[in-house]
Amino acid sequence: MKKLFYSLLILSLLLVGCASKAPQEKNSSSENKGPKVSNPRDFVLYTPSHEEVGMHINTLHYLTEIEKDPSSISDDELKEILFQWVGNDDMTSMLTEAFLLNCENKILLNRMFNLIVSSLDENQKMTPFQIALSRRVFATEETTTDSDGREITRYNFMNNTYDENINLASFTEFKPFDDEFGICIPMNNYSILSPNVKSEGTDDKWFMAGGPTNSFTVHVKETENVNSDRDSMLKAMNNDFFETRFPDTWVIYDLEKEGCLSNSGVDKYLIAYGVGPDITIPEIDCCTFITYLYREKEKKLYSVEYTMNFSVINSNYDVRDRLYNFMGFYTLLSWCD
């Protein structure tokens, strides 16, 4: 009977993967610092406090220890994570979701799946997050080597949907230009590129991870000799590409240096973002968040761009907004010493 139930469940997951759903609306209990008119996916955007960032780091450490040793957590504690920690409108809840969707411990994955199934009423359906997590449980791990000799791992769910194994949860501090500028970058097996021809007064690097159904790019850039007036800043930002790519959603605004930004060490802290279907391939959905940090003393503008896209055949397509939203919080984790 149990084997039949699991077979029917896998079939339902397969059928759900064939249909694209509209993004879910979310009610935010946090203050939204961005203009609501420019927030079509209803992203939860706010500046976390120092205390919340500390809780975020502690939660990541706790989840990492659980993945290393699933026997260290009881079923009741794991149920609390699955049913109380996920789905909330805060940075740490989105961290938990991203971490669990990237889990590689099969024992822990199976325990989570069994707890989810046992909690469902007869006519109750799984949430999009539970469906995505269940696909990870039943997916087959595939490992290949790319042209640069890097080992690439993806997860294949019945040759129907795919998980490119992009990790947004675990991160490390990094100084890309060996100077005062620092970022927190998600830990992935990146392909790293630097342009052969650089514009005068600029330096930039690209970090790329993922595969054909889901990619993640981090682009860091340093621009010198930038004045603090509006025209100079806009010229250095050079957002023409994104304004064209996201004609209905692209927005940029200046953040107050409060909460975790109070010791960012910059004179101006701006973020920009846009989201929507790819211009040429509407079956691919894209999102970009950018941080701009300006230091008037050095007349330098630093930027870090986080871009992610999803194909409709990616296993996490229906939870992409939550992953985009979590990606957006990395715009608040940059600084200058």
Side-chain angles (χ1 to χ4, degrees), residues 26-36 39 42-67 80-81 84-100 102 167-188 218 220 222 251-273 289-298 300-306 308 322-337:
K26 310 175 187 69
N27 294 319
S28 173
S29 59
S30 304
E31 183 181 358
N32 189 331
K33 302 296 184 181
K36 290 183 182 300
N39 195 2
D42 200 19
F43 289 145
V44 180
L45 303 172
Y46 67 95
T47 302
S49 65
H50 290 293
E51 291 76 16
E52 184 173 358
V53 173
M55 181 176 68
H56 182 89
I57 295 171
N58 290 336
T59 300
L60 176 59
H61 176 74
Y62 175 63
L63 293 171
T64 301
E65 292 303 308
I66 290 171
E67 185 176 27
E80 182 178 357
I81 292 174
Q84 302 299 322
W85 290 25
V86 303
N88 302 316
D89 286 339
D90 60 79
M91 178 174 67
T92 304
S93 181
M94 295 178 203
L95 161 74
T96 302
E97 294 167 33
F99 188 95
L100 295 180
N102 196 248
N167 172 30
L168 288 181
S170 300
F171 64 89
T172 186
E173 296 182 355
F174 176 58
K175 291 196 169 184
F177 304 117
D178 296 323
D179 58 13
E180 63 271 9
F181 177 52
I183 67 174
C184 289
I185 185 170
M187 296 174 65
N188 288 285
V218 181
V220 290
E222 174 188 78
V251 62
I252 180 168
Y253 49 94
D254 196 343
L255 295 182
E256 297 291 335
K257 291 184 286 295
E258 59 187 17
C260 68
L261 302 184
S262 61
N263 58 353
S264 57
V266 299
D267 298 290
K268 290 182 180 291
Y269 200 114
L270 304 95
I271 71 166
Y273 82 92
F289 277 88
I290 305 181
T291 300
Y292 298 100
L293 294 89
Y294 179 70
R295 297 257 287 194
E296 190 165 8
K297 180 181 178 181
E298 292 86 1
K300 285 184 179 180
L301 180 70
Y302 292 102
S303 68
V304 51
E305 168 200 330
Y306 304 93
M308 179 172 274
R322 292 288 282 182
L323 296 172
Y324 288 157
N325 201 154
F326 180 55
M327 177 182 72
F329 278 105
Y330 278 97
T331 62
L332 306 172
L333 301 177
S334 299
W335 71 93
C336 287
D337 293 328

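For the numbers below, each heavy atom of this structure counts, side chains included, while hydrogens, waters and symmetry mates do not.
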Discussion item. Please evaluate residues L100 and W85 with respect to the criterion side-chain contact (heavy atoms from CB on, under 4.5 Å), reporting the C-alpha separation (whole Å), side-chain torsions for both, the decisive distance (0.1 Å), and the verdict.
Written reply: CA-CA 11 Å; L100 295 180; W85 290 25; over 6 Å; no
Practice prompt. Report yes if some heavy atom in the side chain of Y306 is under 4.5 Å from a heavy atom in the side chain of I185; otherwise report no.
Written response: no
Discussion item. Main chain of T92, side chain of T96: is a donor-acceptor contact present, judged purely on distance under 3.5 Å?
Written reply: yes
Discussion item. So does M187 get a backbone contact from the side chain of N167, meaning a donor-acceptor N/O pair under 3.5 Å?
Written reply: yes
Practice prompt. Would you give the length of the straight line joining atom OH of Y273 to atom CE of M327, rounded to the nearest 0.5 angstrom?
Written response: 11.5 Å
Item to complete: Looking only at non-hydrogen atoms, find the nearest pair between G87 and E97 and report the distance.
Response: N-OE2, 2.7 Å
Worksheet item: With distance as the sole test, does T291 use its side chain to make a donor-acceptor pair with the main-chain N or O of I271 at under 3.5 Å?
Response: no
Discussion item. With a 3.5 Å distance limit and no angle check, can you tell me whether N88 reaches the backbone of D90 through a side-chain donor-acceptor pair?
Written reply: no
Discussion item. Are L60 and L95 packed together at the side-chain level, in the sense that at least one heavy-atom pair is separated by less than 4.5 angstrom?
Written reply: yes
Discussion item. What's the separation between atom SG in C336 and atom CG in D267, rounded to the nearest 0.5 Å?
Written reply: 9.5 Å
Item to complete: Looking only at non-hydrogen atoms, find the nearest pair between T47 and G259 and report the distance.
Response: CG2-CA, 4.4 Å
Fill in: Closest non-hydrogen atom pair between F181 and S334, with its separation
CE1-CB, 4.4 Å
Fill in: Contact summary for L63 and I81, nearest pair of heavy atoms
CD2-CD1, 4.3 Å
Discussion item. Rounded to the nearest 0.5 Å, what separates atom CG in L333 from atom NE2 in H56?
Written reply: 7.0 Å
Discussion item. For a 4.5 angstrom cut-off between non-hydrogen side-chain atoms, does I290 reach T331?
Written reply: no
Worksheet item: If every non-hydrogen atom of K300 is compared with every non-hydrogen atom of Y294, which pair is closest and at what distance?
Response: O-CD1, 3.2 Å
Discussion item. Could you measure the distance from the CZ atom of F99 to the CZ atom of F326? Nearest 0.5 Å is fine.
Written reply: 11.0 Å
Discussion item. Please confirm whether the ring centroid of Y269 lies under 6.0 Å from the ring centroid of Y302.
Written reply: no
Item to complete: Starting at OG of S262, measure out to NE2 of H50 and round the result to the nearest 0.5 Å.
Response: 3.0 Å
Discussion item. Any heavy-atom pair between the side chains of V218 and F174 that's under 4.5 Å?
Written reply: no
Worksheet item: Going by heavy atoms in the side chains, are Y292 and K268 under 4.5 Å from each other?
Response: no
Fill in: Nearest heavy-atom neighbours spanning C184 and Y330
O-CD2, 3.3 Å
Worksheet item: So do N263 and W335 actually touch side chain to side chain, heavy atoms under 4.5 Å?
Response: no
Worksheet entry | Donor-acceptor pair, side chain of D89 and main chain of V44, under 3.5 angstrom | no
Discussion item. If we ignore hydrogens and angles and just use 3.5 Å, is the side chain of R322 paired with the main-chain N or O of A98 as donor and acceptor?
Written reply: no
Worksheet item: Hey, does the side chain of Y46 reach the backbone of M91 with a donor-acceptor pair shorter than 3.5 angstrom?
Response: yes
Discussion item. Is there a side-chain contact between E222 and P176 in this structure, where contact means two heavy atoms from C-beta onward sitting under 4.5 Å apart?
Written reply: no
Worksheet, complete the sentence: Here the gap from D179 atom CG to E298 atom CD, rounded to the nearest 0.5 Å, amounts to 8.5 Å
Fill in: Atom NZ of K257: over 12 foreign heavy atoms under 6.0 Å
yes
